[in-house]
Amino acid sequence: MNASRLSAVRGEIVHFLADPAADPRALEHFADGVLIVRDGHVAECGPAAALLAKLPSGTPLADHRGRLILPGFVDTHVHYPQTDIIASHGEQLLEWLENYTFPAERRFADPAHAAEVAGFFCDELLRNGTTTAAAFATVHPASVEALFAAAQARRMRLITGKVLMDRNCPEFLRDTAETGYAESRALIERWHNRDRLLYAITPRFAPTSTPAQMALAGRLFREHPGVFLQSHLAENRAEVDWVARLHPEARSYLDVYERAGQLGMRALFAHCLWLDDTDRRCMAERGAAMSFCPTSNLFLGSGLFDLRRARALGVRVGLGTDVGGGTSLSMLQTLNEAYKVLQLGGLSLSAASGFHLATLGGAHSLYLDDRIGNFAPGKEADFVVLDPRATPLLARRSAGCTTLEERLFVLMMLGDDRVVAATHVMGVPM
């Protein structure tokens, strides 16, 4: 289908106008709805009875009655070079890096390998209903080129950048403060804001960058308004202790990034488990965001995310799969684990809040909610079609549901890639 043509899709439509945790009226639901797409953007969304009559004769109409249509999922933290080490047994964070991550990332010096993995990774995201992602590449510029090229070919909205590491890592993955700065700047000039692609300055985490490299990353962030910055923060207690030894001058792990000029709008930090409220307030005031990565936090034994405190203090929060420490690229499976993590912390995540995190909430955390995340007119028409009868158990359980909240919760707990009947990017089925 040519995206420049008018098209429409019919089904049960669910999207969010705001955060349902703060406003119970934030969820908009059309039991029999139509989404009209013009030139890859949302033209109109509403009840089928009103909108079908407005469609010009011959307008392509995809009929998904009996299925749910939601905005495309937003994965706010994932590592594409770790695709091939997902489900590797038995380590915590620092050992995971040494034994699995660094050897896998070494292979991305080969552009052909990077291109093959990038294509597979993007296809897997789309197969799972994810249309926007903030992804780590490796230290090799070719790894960034490959992922941007793969996403561009699929018209996806994607954020990535060259990893910066000039200490505490293998020599074969080490750059310098100066080369990291120069290579990142060249990639920004080549790729940032090209089609739907956005660049993220990417210091892996504070222990693997010298103070000089951290300062230059902060300089890049200041020099290029509109770019992103992504890193890791307070994922594991041993890591937090290590940072304290490396940076005795800093009040906290977060303070290392603050001192380097890396906090601000579009700064995104994965995990954020071992923080205090002073750190959370600082992130809220600076406009930085957290990525909640439940499957990874459980798999690596890192800890439990405190969504209640993040919300109370006004921090932007999105949801991340964090593959390969995370165990699934499915945002439905990630929501399943998020519910359990929060249960252990005494917070019961509603289905509405969960799906908001995976769509408009993730877009808001990335400062992209003016472009994606719901079906407001003018938004980019990324959406996913979910089949509540995709498996026999799901069909049986869904048949007994009496409310939309219950049906969404069942999808959140029992759903996976099999539930995704279709994924559309800019209105085009992939």
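Just so we're clear, the structure is a prediction, and the values are computed from it rather than from any experiment. Only this structure's heavy atoms are used, side chains among them; waters, hydrogens and symmetry mates stay out.
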Taking atom types as modelled and ignoring hydrogens, do the side chains of [X] and [Y] form a donor-acceptor contact shorter than 3.5 angstrom?
X	Y	answer
T160	Y199	no
S296	D322	yes
T208	N168	no
E12	H29	yes
T210	D166	yes
W191	Q152	no
H41	E380	no
E223	Y181	yes

Is the shortest side-chain N to carboxylate O distance from D255 to R259 below 4.0 Å? yes
Presence of salt bridge, D417 and R127, under 4.0 angstrom: yes
Out of K162, R204, R174, which residue meets the salt bridge (Lys or Arg N to Asp or Glu O under 4.0 Å) rule with E105? R204
Only one of R371, R157, R155, R196 passes salt bridge (Lys or Arg N to Asp or Glu O under 4.0 Å) with D382; say which it is. R196
Would you call F375 and F16 a side-chain contact if the rule is heavy atoms closer than 4.5 Å? no
Report the relative orientation of the aromatic rings in H271 and H232; use parallel for angles under 30°, tilted for 30 to 60°, perpendicular for over 60°. parallel
Indicate the ring-plane relationship of Y80 and F121, choosing parallel, tilted or perpendicular according to the 30° and 60° boundaries. tilted
Charged tip of R190 within 45° of F148 ring normal and under 6.0 Å: no
To the nearest 0.5 Å, atom OG1 of T327 lies from atom CD of Q333 at 7.5 Å
